[in-house]
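The structure displayed is predicted, hence computed values, not measured ones. Residue numbering restarts at 1 for every chain, and letters A, B, ... go by the order of the sequence lines.
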Number of protein chains: 2
Amino acid sequence: MTPEQIRKDLASFGAFGKKGVGYHVAELVNNISQILGLDRKWNIAIIGVGHLGWALANYRNFASLGFHLAALFDQNPAIVGQLINGVDVLSVADLETTITSRNIQIGVIAVPAGEAQAVADRLVAAGVHGIWNFAPVRIRVPDDVQIVSEDLSVGLSTLSYHLRRQVP
Amino acid sequence: MTPEQIRKDLASFGAFGKKGVGYHVAELVNNISQILGLDRKWNIAIIGVGHLGWALANYRNFASLGFHLAALFDQNPAIVGQLINGVDVLSVADLETTITSRNIQIGVIAVPAGEAQAVADRLVAAGVHGIWNFAPVRIRVPDDVQIVSEDLSVGLSTLSYHLRRQVP
DNA sequence: TCGTGTGAATCCTTTCACAGCC
DNA sequence: GGCTGTGAAAGGATTCACACGA
């Protein structure tokens, strides 16, 4: 990225630098954090503690971005009750009550594709405002609920596209 | 997306439709697969069989996109030798020889951040052409090696940005 | 009539150029 | 001298409009 590009991008949110000096880094980080809403705390819950959910539960960068892992849910009785990264795994039966009691704003879907929409519907009904979806399906939510889907096939297709001619 | 948008996008790779009729879906899918290089087979290896690597090894969509899981590597002796999704876990000591013998073109990095660059270097030296990186660090590779990084903090920041005003 | 392919017009983003400031 | 902020110019992408074909 060019310097002008970065200046223009920042300019669309305000003027954060000092002419002739530059940007005060710590201040700029704060400003960007505010722009992204990372200055506040978000309570998240992971639904589905298979390998993927487990990996996400151990993701270290959550905290530094202001995300607090507030609950884990699974339907497998063998997993319910376990402690992962200091958080206990609850039964999905307790989804709605826990989302309310622990003030959870974001739900992370890490269940198999076939169950993803049903989980999303329950999350929305329970009052979640955002969904981070890892299941490889398109999920429908009301307009006032934000959804971000991590689609792994995009990354693989990108690799494949660039390798296509390069590799014999 | 608008219809014109899609027509223009496709037009930059050729003319795939019939005027007055539309697109023959099966044919179009084939054409797009060719454009993306998904019509050929890619052999991939996952390095790091923690929860994340394990989850990736069980990712069902690999095959349908033409990706064949050809090897798994871990440094933990307790995991080496196990069979996951029909693929045996090898010691990372065997990385170089296996990449050659199994004709692996793409390496998937699922190791902790601190080891990611070292693994990437070994993959590149062993002749891998593409790297799919899940470690939360920026990885340096030569220009002729393609790299795609899955940065989870982007998705979370996107959610946070949109929820910022909406949520009290 | 409906849908693709495509030049032309429009819109938006990036780059250039430079004033202002330390 | 070096760096930000910002109008102006240039470059790209999207939308419009329509020719063409089934």
Side-chain angles (χ1 to χ4, degrees), chain A residues 1-39 65 130 133 138-141 143-144 146-166, chain B residues 1-39 65 130 133 138-166:
Chain A
M1 297 184 75
T2 63
E4 312 82 296
Q5 180 67 76
I6 289 172
R7 294 205 297 273
K8 281 279 188 193
D9 285 358
L10 289 175
S12 58
F13 292 101
F16 305 110
K18 276 201 178 64
K19 285 187 177 181
V21 180
Y23 298 94
H24 183 50
V25 176
E27 229 171 67
L28 184 60
V29 168
N30 273 338
N31 286 324
I32 294 174
S33 288
Q34 265 176 43
I35 292 168
L36 294 175
L38 298 175
D39 55 331
L65 293 167
N133 172 44
R138 189 164 300 275
I139 284 184
R140 290 245 157 223
V141 291
D143 287 345
D144 62 334
Q146 300 299 326
I147 184 155
V148 170
S149 283
E150 301 290 342
D151 187 345
L152 295 185
S153 61
V154 173
L156 274 175
S157 302
T158 305
L159 261 183
S160 171
Y161 175 74
H162 289 294
L163 292 179
R164 187 180 37 124
R165 298 187 175 190
Q166 189 176 321
Chain B
M1 297 184 75
T2 63
E4 313 82 295
Q5 181 66 78
I6 290 172
R7 293 204 299 273
K8 280 281 188 192
D9 285 358
L10 290 174
S12 59
F13 292 102
F16 305 110
K18 275 199 178 65
K19 284 190 179 180
V21 180
Y23 298 94
H24 184 50
V25 176
E27 230 171 65
L28 184 61
V29 169
N30 273 338
N31 286 324
I32 294 175
S33 288
Q34 265 177 42
I35 292 169
L36 294 175
L38 299 175
D39 55 331
L65 293 167
N133 173 43
R138 188 163 301 275
I139 284 184
R140 289 247 158 221
V141 291
D143 287 342
D144 62 335
V145 175
Q146 301 299 327
I147 184 156
V148 170
S149 284
E150 301 289 343
D151 187 344
L152 295 186
S153 62
V154 174
L156 274 176
S157 302
T158 305
L159 262 184
S160 171
Y161 175 76
H162 289 295
L163 292 180
R164 185 181 38 125
R165 299 188 175 189
Q166 190 177 321

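Contacts between chain A and DNA chain D, taken as any atom within less than 4.0 angstrom of a protein heavy atom, begin and end at dG2(D) to dA8(D).
Of the inter-residue distances, the one linking K8(B) atom NZ with M1(B) atom CE reads 13.5 Å to the nearest 0.5 angstrom.
Residues that satisfy the side chain to side chain contact (heavy atoms under 4.5 Å, CB included) test with T2(B), not counting sequence neighbours, are E4(B), Q5(B). With sequence neighbours left out, the side chain to side chain contact (heavy atoms under 4.5 Å, CB included) criterion links P142(B) to V124(B), D144(B), V145(B).
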Give each protein N/O atom lying under 3.5 Å from an N/O atom of nucleotides 10-14 of chain C, with the pair distance.
residue : atom : partner : partner atom : Å
dT14(C) : OP2  : Q5(A)   : NE2          : 3.2
dT14(C) : O5'  : Q5(A)   : OE1          : 3.0

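Under the 4.5 Å side-chain criterion, counting only non-hydrogen atoms from C-beta, V148(A) is not in contact with H162(B).
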Distance-only check: which donor-acceptor pairs under 3.5 Å involve side-chain atoms of residues 14-39 of chain A, not counting sequence neighbours?
residue : atom : partner : partner atom : Å
N31(A)  : ND2  : E27(A)  : O            : 3.2
S33(A)  : OG   : V29(A)  : O            : 3.0

Could you pull out all donor-acceptor pairs under 3.5 Å where a side-chain atom in residues 149-159 of chain B meets a protein atom, sequence neighbours excluded?
residue : atom : partner : partner atom : Å
S149(B) : OG   : N133(B) : ND2          : 3.1
E150(B) : OE2  : W132(B) : NE1          : 2.9
D151(B) : OD1  : S153(B) : N            : 3.0
D151(B) : OD1  : S153(B) : OG           : 2.6
S157(B) : OG   : S153(B) : O            : 2.7
T158(B) : OG1  : V154(B) : O            : 2.8

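To the nearest angstrom, P of dA17(C) lies 13 Å from CZ of R7(A).
Annotation: proximity of residues 15-25 of chain A to DNA chain D (heavy atom, distance under 4.0 Å) is found for A15(A), F16(A), G17(A), K18(A), K19(A), G20(A), V21(A), G22(A), Y23(A), numbered in ascending order.
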